[in-house]
Amino acid sequence: MRISSLQSFVTGTSQIIDLSGQVNKTQEQISRGTRILTPSDDPVASSQIQKLNQENNIREQYMDNINLLNSRLELEESVLDSANDTIIRIRELAIQANNGALTVDDRRAIAAEVEVRMTELADLMNTKDASNEYLFSGFKGSTVPFLDNGSGNYTYQGDEGQRFVQVAASTYIPSNDSGKEVFVNVSSADPTFQAFDNPNNRGNPPATISTGFVYDQEEFNQFYPEDYIIEFQNPDDMTLLGKSPSLNYNIIQKSDGRVIESNVPYTSGRDIQFNGISIKLSGVPATGDSYLVESKDTQDILTTVNRFLDGMRSLTLSPDDQESYQNLISTTIANLDHAQTSILETRSQIGARLNTIDSTQALHEEVEIVTTELLSTLRDLDYAEAVSQLTFESFVLEAAQQSYARISGLSLFNSL
Amino acid sequence: MGADLLGIAVSGLKTSQAQISTTGHNITNANQEGYSRQRVDVGTNPAIYSGSGYVGTGVNVQSIERIANEFLTSQIRLDSTAFNELDAFAQKVGEIDNLLSNEAIGLSDGLSNFFGSLQAATDDPTSIPVRQLVLAQSEVLAQRFSSLYGRFDETNDIVNQELKATASMVTSLANGLAGLNKAIVNATSQGAGNPPNDLLDERDETLRQLSELVSVTTFEQADGAVNVFIGNGQPLVVGQVASEMQAVNGETDPTRYDLVFVNDGSSQIVTDSITGGRLGGLLNYRNEVLDRSFNELGRIALTFTEAMNYQQSVGLDLNGNYGVPLFDDINLRQATLDRAVPSSLNANPPDRVVSVAITDATALGNSDYTLSLTGSGPDGYELVRNSDGELVQSGGLSAQRPTSIEYEGFSITLEQGSFQDGDRYRIMPTRFASQNVDVVATSPEVLAFASPVSTVNNLANTGTGKISQGDVLQTIDPLTGERLPAFSVDGALNPPVMVKFTSPTTYDVLDVSDPNNPKSLTPPFEGQTFIPGQTNQIFPTEPGQTVMVSDGFNANRIPSQSEVVFGTAGISIPNTYLAEEITVTYTDPVTGVRVDQPNVVVNAGDSAEEIAFQLSSRDGVTAIASTETQIRVSDNGPGQLQDFNLLLNGVNLRNELGLLFSPSAVPTPVTNDMIADAINFSGALQQQNITAVSNGDSITIKASTGADLKFEMQGAEGDFVEIKGDQKPTLLTTGVVTGGVDLSAGGFSSFDIDLFDGPNGLSNPKTIELSGIFQTPEELISYLENQIDIAFDVPGKVSVEFRDDGTLQFVNNDNGPLAKMQIGNLVGSDPLGLSAAALQGVVQPSDIVRLDGAYQFPSVTAGVNIANGADFSVGGPHSFDVDLNDGVFGANNPVTINLSGVYTDPQDIVDVVQSQLDAFYGADKVIASVSSEGRLEITNYTYLADSSTGGLSISNNYSFTDGTAPSPLSFDQAEVDFEFDGALPLVVAPGANTFAISVNASPIADITVPSGSYASPTLFAAALNTALVAYDATATVSDDGRSVLVTADNLGEALIFGPGAVNPIQANPQDDLVTHLGRTAVITDPAGFIGLGIADDENIGLNVDGVGTLPLPLDFDAPGYVNGPGNPPTNTAELVSLLNASFAASPAGSGVTAFEDGGQIIIASSNPLGSVLITTDSTTPLAANTNMGSSGPVTSVPFPPATSGTATTSSFNVDHIGNFEDAYGNPAPLTVVTGVNDSFEISVDGGTTFTTYQIPAGTYSNLIGFAAAIDGATGSDVSVEVSGSSLLITDSNSGLGSQVRLGNGSFAITGPDAVNMERAQIQVNNIQGSDPLGMQVAELQGVVRGEDFGMVNGVTISGEVNVTLEENFSMTTDAIDAGNVFRPGTEAVSNYLGYTFDISGNPDVGDEFFVNFNEDGVSDNRNALKFVEVESMQLIGGNASFQESYSNLVEFVGTITAESNINREAAGEILEQSNALRNSIAGVNLDEEAANLIRYELAYNASSRIISVARDLFDTLLAAF
């Protein structure tokens, strides 16, 4: 075939350029240690690589979450452990108090320790975590969960919020337990009630309601589970002849609004008794202020302890009081047992969570190894192959250069 | 011959020269691109015939030709075009390929880091540093979006520049070609047809260069010129004329240059038809890669920002506020305008405004679109997807502006302007989006990591149901951009809701804004079905589901008072629903086709339950019916057997009560509580799912399945049942208040608002004080509302609104069943125009219907209590007449009832009377009974045909023959109280420790207190009981263990302590017990103090501390007595105060106090050794039923101050309601004694003359009678009405300026007195004051007729139907009247709240679950978790996550790059081969040329030799001469 001179030069040089391009690329692959320099080198592999990298990032975040979660749950568990110890001590005291031979002074001595233990328990229930959030107030991290209303009546201020933390693609582990679930929702030996101030009360300072107690369980059970509202009426409604208008309240059945006692004159600190319930209001309420007495078959731990404390302090040695005292102690012991059960349940849940975390962590570690291997397969360069290829390519390039030089030197004009 | 030889040689030389030249030409052009080697065509000269043959004449040059192959030349052009296209493409795409995968610029790392920071936030949502990191990472990500956009934009600019440069190269090449054509044509004609080889080469080369730029087709003319065409045959070069190619700002997008072909002054856009070459490559790159990259990135940006901003919007930030956008809104005004670019070809004027809003980023594609307005006029459109040129949507346009066109994820709005046929717009929903990702959140607190809702399981629940934490779907209504109602209030859920289980399988969702008063949601969400044991989603998650509520609760559906049906029991009382037909239609969301289902036919009077059942049988419809109403019963009649019957759906509730209690013991009057209990007790009503709840004041009755509630009522006069709808009481509107108001001037100081919220709906006005200056209505309203709240002491009872017409409106928010409102008692000038409101009078809730008692069984009632029996054994005969007027034509038919003997049981008296009545009239005609107050009632049970004459009367035709009174009985359960001081044992010394007991008025026995030493009060009581065993009396130990009480056991017995005429009420035994007993004495008969019978001349003696009798002269003339001389105490307090004054005045009274306790008066000594003994010298025992015999209380009724206003109504308060009663509650007349100023004046119709009317003096039995007397006195000028306890005097002309003005005087109303009683002609011993049956009162009641016997008032309440329509279903009705189930124009409203939650497990009846605002939920990370979830959600186009979508883009670009590289190499190879082929033919091979050179040189030399030979020949020849 005829070869034009121009063509032979052009072909020669363009081949050399191509070859040196290949050598360059192989060299760059070697120096960067990867076989894919741009996605176009292997579009499929490069999109897989991107995906695997992303998975790795997420997994690292999961591992961070796991570490934080671990410490959080361990903190909660240690607090619950302490709370349990305190309850055990209070239970011992209750058993100690369950002795007919005790004098009023003996009881007072026990009560003194119970009070200390109760404060200790309340402090534990109001524990804060490292971020200065209350451990047991659900989502209301900045709200103290168990607050004394001033009458020794602790009410739960938090909510039922349970925070979940993601530890794997579809695994969310609770990182807290609401105080309501652990300490408040404790089943009670007998139907009981809890008394609440209405937060909208306008008395300044508002009158507060005590924890109260069931003074006649049979009568109380008869009306259970009716709730009641104690609502202060207009003083002018007091129809007592010859008396000036005075504070008075209605006791209202919550289910249908029926008034079961109307316009009862109010005296601060005096026992209010109805339907087996005995309760005290202290302070100066405003007209329209109301208090809720909610019947339930659960009783929170602090109420249990507080009622026990009140009973030890106020009940005398009279036969009637003795009977109430015996009832109180047996109910208290039963309720403390329930409280321990509740705490134990929560602790076993925490244990289960920690187990899940452990296994998830192990899984993540395994997957990480596999992913790394896969990434390496997709991305990493086979050096032996690359180096030998480089050697070969440079050899070819050299040959091409040499042959070009030789061929370009050939010309008939040399012979002229 | 020689010449010939020379000629031949010369021809050889010439030829060789030409050949050598050509070879040289070839050699020198060897490096010239496109040069074709040339060759000399040599021809042999024609031979000359010489006789012996032909002799050759040499050689000649015929032509010089190029060695060129036309086929190869055009092949190279094609291959160049192909190669350069791919080359340009690959070069550009490689740049993006590098860009996207670059870790520092690409999106992938940015997304990973952003979501990583969010992960950290889920663990510690309150941490500010963690939040700060999230913000920082959003900034980084936003920068990545915009820097990627920037790089794409630069690439686009470069493409534009290249297009421009290339187009101008095309133009210059075309010009060159035209020039070459000219030269070639000239040269060809000049060269006698010889080809101008070099010009042809040059033209070929120019064409090749052109084909590198763009694909061309050529056509060679006969004259040698070549015509060149590009695109769709655009003539770039024709002959010697060239056209121009330009790159200019794009027609529909200035940033994308268009190619324009300019020919002869006219230009044509050819972008779309240009293919091949560099131009084609650039355009391909732009269309296939760059646009897609722009759009894909933009789509990710839009979806991402929308998702993040959405997530923000459904969350709460650290401060408890709803989340604000994290990034700029995707539909900022400028962005929406940028998305639509008008074609530069659109007709003038350029006044159209088109915007494109993103409606759903997840539905977006990644193409641009072209919108064309087509058809005749701008009423049709076509939407073409640019990426594939497909027509994706077309349709008609409304002529209205703005009008919108919706396509996948975006909405094009033609806002305004003169849109014309042919207008075109480039629609770029996604192109610019990644440029506009800007973080707008500034502080870390605003990141919304908490959820706005918080759910609560009520701990008092008895079931195992659990509520989930709740999901917020939307807080903002996408249609309006406003917050959804549920989230419209900051810091609160509006309203907070409660799920209350009405059974284990049904629940109501209620509004608990007021926790003590849950109410229905709007629209209602009640009677829902729950599947136990499963997870039940409570609220709908899609806005498409709608709810229609019938107006069954509307006032129109509660019959008006005039529609109350009156008739005999069992009458038909239909509900008032009219007939209608309801159509349920399904509309296909895609095709818009509507399908009607068969009509639901509602017949007139169908119950809501039936209608709901029918509707539910249609597809897409769930209908629930319920009926609810509130009633309130008022039974003021005494407890007649048949009195106050209320029937609900035919069930007589009194019968149910009879079952609950016992028929004879049904308490009277019937109360709301009892009616509610009766309803709940009734099995028949239970089957109809009817339940009732009473709060004492009213009863809420509910039929949960929507049954009609049919009420029928029978009762006595004054009895009524009020039935309430749910409309609020009407509003009162004032006169116009303009601008600022000065309440400080004009002495305007107060007005009253009365909500009639006193007991039993009594008037209870509150005075609102006014002062101050107010500049704006807002200030005024705020002030007024504050004053009103202060006055009512409960906030929000009445609110004030400022209306558009400038008036103030008072809104009664009190939802009591009888809520009504009145404004009155205006004091001072009236800058607020309150008189207008006052003139509106008492505004009642408009939907109360009242069923009044039908005067069914009027009874006459004796006034004295017979509960304790009576003694007719003394004197007599005792008798009275009862006349039933049942003689012929109602003539009198009296019977005389005779009484004798002693009765201790009131029922015995009733029986005696009844038996005589029955014997005369027959059974069940006239019934005697005893009322709850212990009074004898005689009731007419006879219905006479001629009602005008029928009646029952009692006359007092009995007398006592000997003029003595029947002996009164003392029936109190008197008590003797032995009180101890607690010290034991209790020693009773022997002695005369006696007390007396009288049983059943039998002779008095002395009981000796048993002496001895008792270890406890119980033993003492036992000893006393032994002594008392013969008498029906018992001694018991009191609750406090400190007293022993002796009590007579039976009704009718009396304990009279001590014998003798003077009856010492000896509350304590003798001296020996004094140390331990009896330090108090009790005066019983508490509230009825008036009945104590203490006469003016009576004395009560008091023996204190055993010292002797302390005279206690109840001498009401004593100085210092509170009421002044001659006035006995009128109430217990006064008596107590009097007693204490007496004790204080005497040394013997030292340490003795009287006080009131539970209605008793207790007199107590503080001396531990003390005792108290009360004696009386009265012959009248202290009994409850003794009249005081003196004037009753006097009530002074002051007139209100004269008013100077222009009211046409005035009123005054009589402080009394209903019938006037005496001290026993018996009807008694009212005596009005008028004074000088007891008058009122009326001016009629603005006249200045006032007519004066006197208050008529006289005796009236009730307010109505009194009002009638005033009315009678004033003639037709004035009307008088009774309103509550007030009389309203109204000018009946009520014209402009009418006034009623009351005088300043007062008048007195006196109660019944002894004188009036005498007028009853009953011979009564006034000292005894006893009329055992109180017949004088009965007589005063006159003739009572029984005209409405057996009649009932009835009304039916129909329920509401609550229809839930699934998405795409709609409902229409042919209703034309508000009387239909669905009011015409009733619209279905969405019941979508924007949030939902689940309840699982097995809840019990009454279990409650609450959803509140997540207040203070700082530790909540639920929304942060949702943020994190977004990372893996398949949001892009609904099928890829952000990362996947970005990876897809990277992979796409990578694949295209790899592919284009391969293609380019292949095309390069082909081009090279073609080149090689061409070169192998046309190219110059220097070796060959060198050889040729030698060859031609040799030929030349040879030809030279011929000359030399010829010369030699000539020389030889010449030499020969």
Side-chain angles (χ1 to χ4, degrees), chain A residues 1-7 11 38-41 43-44 46-47 50-51 53-54 57 61 64-65 68-69 131 133 138-143 159-166 169 172 175 180 184-185 225 227 229 234 241-242 255-259 287-288 294-298 411-413 416, chain B residues 30-31 94 97-98 100-101 108 112 116 119-120 122-124 126-127 450 454-457 459-460 462 469 516 673 693-696 793-794 1131-1133 1136 1156 1414 1416-1421 1425 1428 1443 1447 1450-1451 1453-1455 1457-1458 1461 1475-1476 1479-1481 1483-1487 1490-1491:
Chain A
M1 178 184 164
R2 255 188 108 257
I3 302 291
S4 78
S5 302
L6 180 63
Q7 188 185 0
T11 314
T38 64
S40 57
D41 290 339
V44 177
S46 61
S47 90
Q50 206 169 9
K51 208 168 167 183
N53 275 333
Q54 197 191 325
N57 283 339
Q61 191 57 52
D64 287 350
N65 287 353
L68 283 165
L69 193 53
S131 319
E133 290 174 69
F139 289 150
K140 300 193 176 188
S142 54
T143 305
D159 58 19
E160 297 175 24
Q162 193 168 40
R163 200 152 85 191
F164 287 80
V165 169
Q166 195 176 15
Y172 295 86
S175 73
K180 182 170 174 181
V184 180
N185 192 9
D227 298 338
I229 295 168
N234 192 330
L241 284 171
S255 61
D256 54 11
R258 284 191 202 187
V259 176
T287 301
E294 192 172 64
S295 298
K296 47 179 70 166
D297 58 3
T298 61
S411 173
L412 191 54
F413 286 98
L416 282 179
Chain B
N31 263 340
D97 185 31
N98 279 322
L100 292 177
S101 62
S108 193
S112 284
Q119 276 280 9
T122 64
D123 193 77
D124 199 356
T126 52
S127 162
S454 156
T455 59
V456 178
N457 291 287
L459 273 189
T462 50
Q469 294 198 338
N516 293 328
D673 287 352
V693 172
S694 161
N695 64 7
D793 208 20
V794 175
N1131 60 42
T1132 316
V1136 167
E1156 181 196 346
N1414 185 10
D1416 298 335
V1418 291
S1419 305
D1420 184 8
N1421 70 345
L1425 287 175
V1428 169
Q1443 289 278 20
S1447 295
V1450 173
E1451 188 180 337
V1453 173
T1455 311
T1457 310
N1461 278 337
N1475 263 331
N1479 281 341
S1480 73
I1481 291 168
V1484 178
N1485 185 315
L1486 286 175
D1487 285 348

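Residue numbering restarts at 1 for every chain, and letters A, B, ... go by the order of the sequence lines. Atom set for the values below is all heavy atoms of this structure, side chains included, hydrogens, waters and symmetry mates excluded.
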4.5 Å side-chain heavy-atom contact, S4(A) and V1484(B)
no

Applying a strict 4.5 Å limit to non-hydrogen atoms, the region of S142(A) in contact with chain B is both

Here the pair of heavy atoms bringing D123(B) nearest to V165(A) is OD1-CG2, 3.5 Å

If one checks every heavy atom of A120(B) against chain A at 4.5 Å, the contacting part turns out to be both

List the steps, then state whether side chain to side chain contact (heavy atoms under 4.5 Å, CB included) holds for D673(B) with R258(A).
CA-CA 8 Å; D673(B) 287 352; R258(A) 284 191 202 187; 3.3 Å; yes

* Asked: Are the side chain of N1421(B) and the backbone N or O of F164(A) linked by a donor-acceptor pair below 3.5 Å?
  -> yes

- [ ] Please determine, by modelled atom types, if Q469(B) and Q162(A) share a side-chain donor-acceptor pair under 3.5 angstrom.
- [x] no

Heavy-atom nearest pair, K180(A) first then L459(B), reads CE-CG, 3.6 Å

If one checks every heavy atom of N185(A) against chain B at 4.5 Å, the contacting part turns out to be both

| request: Would you please test D159(A) and D1416(B) for side chain to side chain contact (heavy atoms under 4.5 Å, CB included) and show each step? | output: CA-CA 10 Å; D159(A) 58 19; D1416(B) 298 335; over 6 Å; no

Bottom line for S411(A): the part with an atom under 4.5 Å from chain B's heavy atoms is both

Sequence neighbours excluded, the answer for side chain to side chain donor-acceptor pair (under 3.5 Å) partners of K296(A) is Q194(A), E294(A)

Across all chains, not counting sequence neighbours, the side chain to side chain donor-acceptor pair (under 3.5 Å) partners of D97(B) are T38(A), S40(A)

Q) Would you say the side chains of E160(A) and N457(B) form a donor-acceptor pair under 3.5 Å? A) yes

